[in-house]
Asker: 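The structure's right below; bear with me while I get my questions together.
For this chain, numbers begin at 1 and follow the sequence in order.
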Amino acid sequence: MRILLLSWLLFNSYFAAFFCISNLVLVSGRCQSDQKQLLLELNLSSNLNSTAFPTPLRRLMKWNQTTDCCSWDGVSCDAGGHVIGLDLSDRAISSPIDNSSSLFRLQHLQQLNLAFNRFEQVFPAGFDKLENLSYLNLSYAGFTGQIPIEISHLTRLVTLDLSVDRYSSPEESLKLEKPNLKMLVQNLTGLRFLYLDGINMSTTGNKWSQALSPLIKLQVLSMRACYLSGPIHSSLSKPRSLSIIRLDENILSGLVPQFFLEFPNLTTLLDANLSGFIPKTALDLSQNQFNGTIGGLHVKASSLLDTLDLRSNKLQGQFPMFVFKLHGLTLLDLSSNNFSGLIPMSAFQNLRNLSYLDLSYNRLSIDAITTNISSLCLPKLTKLFLASCNLMEFPNFLKNQSSLIQLDLSNNQIHGEMPSWIWKTVYWGLLNLSGNFLVEFERPLNNINSSFIGLDLRGNQLEGQIPILPLGVIYLDFSNNKFNSVLPAHIGDSLRYASFVSISNNNIHGSIPPSLCNITYPRVLDLSNNSLSGPIPQCLFQMNVPNTVLNLRQNNLSGIISDTFSKSCELQILDLNQNRLEGKVPKSLENCKRMEVLDIGNNQINDSFPCHLKNIATLHVLILRSNKFNGHIDCPGNSSGWPMLQIFDLASNNFSGKLHLTCLGIWEAMQLNPDKDQSELVYIIIATYLNDVLRYEDTISVTIKSLELKLVKILPEFTSIDISCNNFEGPIPNVIGTFKALYALNFSHNAFSGPIPAFFGNLRQLGSVDLSSNSLHGEIPLQLANLNFLSFLNVSNNKQVGPTSTQLQSFSEASFENNAGLCGPPLMATCGLPPAKTDNPSDARSTVNWNYISAETGFCFGFGISITLLIFWKRWRKWYFERMDRALSWVFPCLPLETRKHGRRATRNQRRH
């Protein structure tokens with residue numbers, strides 16, 4: 001996809017081998033009767049409907065038994081009427097081939113092509129019977145398992161292609177263990193074209209390059225994504241005719257071998273039966289783990305090397321200046337390494353043929369500003385990638401470029417205005433200026449031509465009004481800027497052919513223009529995180545484009561969700577979270593049979609549980625939280641349920657009743673399945689004719705550990721159930737104990753009763769459990785201590801009793817508080833010891849603490865004597881009060897005291913100073 005010329009070379013060399021490997025007579029004489037019978041006995045069939053697929057998939061059915069078999073499609077014969085060539089590729093054949101198949105009795109066969117079929121069976125072992133084979137292509141045929149040793153007996157092979165999809169699951173892949181790579185090729189010394197892409201050779205270790213040493217005639221070697229490891233041994237230098245080397249997507253390490261740049265300039269193939277040229281050599285070692293420097297490599301093939309692809313390794317050091325001596329380069333990709341230094345753009349004058357340049361994601365700086373561009377004669381590039389190259393300004397040399405189909409200056413430090421001349425640099429292609437500090441467009445925008453198909457300006461600081469782009473734009477991303485205008489009323493007319501439109505995370509206000517419904521092929525429409533208001537146009541729910549994404553979350557949209565979803569609805573993601581939508585869940589939403597994410601949380605929807613959606617078997621995420629849903633969630637009748645469901649969020653509604661949920665038993669994604677595909681739940685959008693794959697990742701919010709988390713990528717191993725803040729009651733259902741893949745569970749703030757089930761201890765993937773604020777009673781099960789990944793636990797505000805488990809004491813006190821019967825760390829309440837055993841239990845009950853009794857008795861006796869003396873002894877009373885007056889006068893000298901003397905009714909006021 002990225003290396004067009006390399007693909008052209010592979011294509012030409014590959015089919016040159018197929019069509020020129022032998023002197024064949026395509027149709028000559030009459031077909032031998034036995035040959036015809038053997039062909040008919042193949043009885044190959046397709047598992048596809050013949051009316052649903054184009055003619056190339058139905059060619060096998062055109063064999064007319066009344067005609068000469070040498071004239072049959074895909075069959076070629078020699079002068080004697082023997083079948084020597086059989087091409088059954090790309091026909092979706094599914095009928096199995098066993099070791100007794102008539103195929104292996106066509107012993108004159110020299111060429112056999114079964115590529116791109118659907119056999120889906122273990123690799124058959126009968127190919128050694130076809131000892132005359134010089135061309136064998138079984139790539140992507142659907143064979144699985146171990147490659148049989150019988151292949152190594154085909155000593156006349158010149159071309160061997162056993163490639164499989166390098167992203168296939170282990171069950172669908174091929175492997176080389178016994179025999180290993182060395183055993184497979186040791187007798188195939190005539191091989192010139194070897195393609196083993198995607199085959200698992202992990203057991204070969206770092207001996208794979210030595211295993212290839214017998215193949216001294218090899219011209220094309222392609223072993224992509226084969227789990228190859230270790231450094232490349234010098235024995236790989238023996239095939240001096242190598243012209244194409246593909247070793248990318250492995251885990252190779254060490255230094256890049258010097259001999260890769262020293263292969264001689266061989267322009268013709270060595271076999272007299274072959275014609276044509278391989279004018280250049282391609283070297284692809286990308287996506288490995290090569291390290292060290294390559295600056296010291298000596299170049300002896302400067303006119304030969306056409307492609308140098310070392311991207312995605314661990315190479316470091318100063319930029320390898322020797323590449324400027326490779327005058328034949330058309331493609332140079334050193335991206336995603338750790339090269340450093342300053343590169344003068346003037347040096348690229350030496351690479352006159354260069355059309356593809358990628359230096360992104362290193363520690364490089366490009367001197368593209370100070371150079372006098374009028375004195376430069378730079379190559380006319382078609383693809384230029386300078387992402388993360390410390391650019392501060394737009395490179396001046398770009399003013400002389402006018403034929404770029406891709407220009408990537410993203411993730412630099414370019415400030416200020418986006419110049420108008422930049423639009424002229426890209427012709428019918430993509431411009432990526434994301435991740436810079438651009439604040440505005442140079443206006444007027446007169447230079448934007450109609451051939452501009454893709455623009456990525458996300459993550460800048462652009463302000464003002466959204467610009468109107470010319471008709472023909474396919475990809476548009478204005479997200480994460482500061483645009484603060486309304487959407488132009490006719491914006492949809494200019495985006496008629498767009499597949500990807502994102503204006504999210506801005507300050508766009510006003511209503512959604514109905515003209516957006518004029519987009520004829522919308523794959524992604526993302527207007528989230530703005531200030532849009534008003535109703536959602538009904539026509540947006542009627543889009544029938546496959547795998548459509550509609551994201552309007554976090555706006556101020558109001559009204560209802562229109563019940564206008566088409567019967568052929570193709571929506572894959574519908575995200576309306578955090579708006580002010582009302583009404584009910586539309587019945588027509590059940591038409592969206594391919595829905596994977598439905599998020600209508602944080603609105604004002606007043607409805608019962610949407611049982612009519614239970615037949616959407618593809619649903620991965622269902623979020624209804626923070627609405628006004630009510631009633632029970634049990635659905636009557638039979639339903640297929642949601643076998644792929646990963647995230648189920650009903651929190652903060654008014655659901656009630658017991659949690660029967662018999663349908664939960666078919667939530668297979670919640671159950672541990674080690675064989676399931678572990679690929680990420682992302683949505684692949686093909687946005688341009690360039691076949692570039694753009695991944696759209698919808699962000700959803702889940703609450704875990706009392707925190708709201710935003711998930712950008714939803715991994716299949718992440719599963720969550722949140723039904724908190726409702727009115728559910730009764731026991732926790734046993735079916736939860738089958739969800740062994742469950743990571744987060746939140747049943748808090750309900751009315752669940754009964755004990756905490758012991759089956760929680762079997763849910764070994766649990767990382768977060770919240771059962772707080774219910775009526776759960778009994779002891780906390782000891783089995784919870786088995787959860788090694790548990791990082792959050794809350795059982796507070798229940799009726800738990802007994803001591804806390806020692807293994808759970810690492811959690812905070814808040815995890816257990818307000819359970820009257822709980823004791824032990826981390827709680828302050830200590831667990832009392834059981835009472836001591838005695839012979840006379842009554843003695844224990846009558847035990848008196850005499851220390852307390854003695855103190856109380858002494859206090860009462862002394863206090864009683866003092867009061868009695870004050871009441872009945874006049875002299876003592878007089879003496880007591882005089883002493884108290886003196887004491888108070890001394891402490892409070894300004895306090896007026898009145899002394900009243902009884903007797904003779906005499907009264908005397910006295911002020912003491």
Side-chain angles (χ1 to χ4, degrees), residues 1-13 166 195 197-198 219-226 228 231-232 236 242-263 278-295 297 299 301-317 319-339 343 348 351 353-362 364 379 381-389 405-406 408 690-693:
M1 180 172 66
R2 301 182 66 191
I3 309 176
L4 301 179
L5 184 57
L6 179 57
S7 300
W8 180 86
L9 290 175
L10 283 168
F11 179 87
N12 281 277
S13 60
R166 59 188 186 277
Y195 305 87
D197 297 341
Q219 297 176 8
V220 175
L221 173 63
S222 186
M223 297 171 65
R224 307 176 63 191
C226 290
L228 304 177
I232 297 178
L236 194 57
L242 270 174
S243 60
I244 296 177
I245 303 174
R246 296 298 302 272
L247 298 174
D248 50 310
E249 298 185 53
N250 285 290
I251 47 177
L252 301 174
S253 59
L255 302 177
V256 177
Q258 166 68 38
F259 59 80
F260 273 154
L261 299 177
E262 296 179 353
F263 289 119
I278 299 181
K280 303 293 182 182
T281 297
L283 177 59
D284 188 347
L285 301 177
S286 61
Q287 302 183 66
N288 282 286
Q289 297 183 21
F290 289 113
N291 53 39
T293 65
I294 60 172
L297 290 177
V299 180
S302 60
S303 62
L304 171 68
L305 199 61
D306 170 78
T307 297
L308 180 59
D309 189 349
L310 301 177
R311 73 182 187 276
S312 301
N313 279 285
K314 298 180 179 179
L315 299 171
Q316 57 189 354
F319 181 83
M321 301 301 289
F322 75 86
V323 300
F324 297 119
K325 299 180 181 179
L326 304 175
H327 302 300
L329 277 183
T330 61
L331 184 150
L332 175 61
D333 193 339
L334 303 178
S335 61
S336 299
N337 280 286
N338 200 26
F339 293 118
I343 305 176
F348 286 94
L351 305 179
N353 299 318
L354 194 66
S355 62
Y356 183 112
L357 175 63
D358 192 347
L359 303 177
S360 305
Y361 302 107
N362 283 281
L364 297 170
L381 299 169
T382 58
K383 294 186 178 183
L384 175 61
F385 303 89
L386 298 178
S388 189
C389 283
I405 59 175
Q406 280 186 272
D408 186 352
L690 300 171
N691 292 324
D692 289 316
V693 179

Asker: Side-chain contact test, heavy atoms from C-beta onward, threshold under 4.5 Å: evaluate it for L308 versus V323 and give yes or no.
Answerer: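 The answer is yes; the side chains approach within 4.5 Å.
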Asker: Angle class for the F324/F348 ring planes (parallel below 30°, perpendicular above 60°, tilted otherwise)?
Answerer: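 Geometry flag for F348 against F324: perpendicular rings.
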Asker: Can you tell me how far the CG atom of L357 sits from the CG atom of L386, to the nearest 0.5 Å?
Answerer: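 The distance works out to 6.0 Å.
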Asker: Report yes if the side chains of M223 and L228 come closer than 4.5 Å at any heavy-atom pair, otherwise no.
Answerer: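 Yes, their side chains come closer than 4.5 Å.
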Asker: Between N337 (side chain) and F339 (backbone), is there a donor-acceptor pair under 3.5 Å?
Answerer: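 Answer holds: no.
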Asker: Would the distance check show the side chain of D248 and the main-chain N or O of S286 forming a donor-acceptor pair, the cut-off being under 3.5 Å?
Answerer: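 Judged by distance alone, no pair lies under 3.5 Å.
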Asker: Tell me whether the centres of the aromatic rings in F385 and Y361 are closer together than 6.0 Å.
Answerer: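 Aromatic pair excluded; centres sit 6.0 Å or further apart.
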Asker: Donor-acceptor pair, N250 side chain versus C226 backbone, under 3.5 Å?
Answerer: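 Checked: pair present.
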Asker: Looking only at non-hydrogen atoms, find the nearest pair between Q289 and I251 and report the distance.
Answerer: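 Of all heavy-atom pairs spanning Q289 and I251, the closest is NE2-CG2, 3.6 Å.
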Asker: Taking S335 for the side chain and S360 for the main chain, is one N or O donor matched with an acceptor at less than 3.5 Å?
Answerer: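 No: the side chain of S335 does not pair with the backbone of S360.
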Asker: Please step through side chain to side chain contact (heavy atoms under 4.5 Å, CB included) for the pair Q316 and N291, ending with a clear verdict.
Answerer: CA-CA 7 Å; Q316 57 189 354; N291 53 39; 5.5 Å; no
Asker: Apply side chain to side chain contact (heavy atoms under 4.5 Å, CB included) to the pair L329 and T307, showing each step before the final yes or no.
Answerer: CA-CA 6 Å; L329 277 183; T307 297; 5.8 Å; no
Asker: Side chain of N362, backbone of N338: donor and acceptor closer than 3.5 Å?
Answerer: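 Yes; at least one donor-acceptor contact below 3.5 Å.
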Asker: Among L381, T330, D333, which residue meets the side-chain contact (heavy atoms from CB on, under 4.5 Å) test with Y356?
Answerer: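 It is D333, the one option of L381, T330, D333 that forms the side-chain contact (heavy atoms from CB on, under 4.5 Å) with Y356.
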Asker: Looking at CG of N288 and CZ of R311, how far apart are the two atoms once the value is rounded to the nearest 0.5 Å?
Answerer: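 With rounding to 0.5 Å, CG (N288) is 10.5 Å from CZ (R311).
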Asker: Below 4.5 Å, heavy atoms only, C-beta onward: do I244 and L221 meet side chain to side chain?
Answerer: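 No; the side chains remain at least 4.5 Å from each other.
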Asker: What's the spacing between N353 CG and L331 CG if we round to 0.5 Å?
Answerer: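 If we round to the nearest 0.5 Å, N353:CG and L331:CG are 12.5 Å apart.
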Asker: How long is the span from the CD1 atom in I245 to the CG atom in L236, to the nearest 0.5 Å?
Answerer: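 One gets 6.0 Å once the value is rounded to the nearest 0.5 Å.
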Asker: Is it true that a side-chain atom of S243 and a backbone atom of Q219 form a donor plus acceptor pair closer than 3.5 Å?
Answerer: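 The answer is yes, because a donor-acceptor pair under 3.5 Å joins these two groups.
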Asker: When rounded to the nearest 0.5 angstrom, what is the spacing between CG in D309 and CG in L247?
Answerer: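 CG of L247 is found 11.5 Å from CG of D309.
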Asker: Just how far is it from atom CD1 of I343 to atom CG of L364, taken to the nearest 0.5 Å?
Answerer: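 If I round to the nearest 0.5 Å, the distance is 4.5 Å.
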Asker: Counting N and O atoms only, with roles assigned by atom type, does the side chain of S312 sit under 3.5 Å from a partner on the main chain of S336, one being a donor and the other an acceptor?
Answerer: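 No, the answer is negative, given that no donor and acceptor are paired below the 3.5 Å cut-off.
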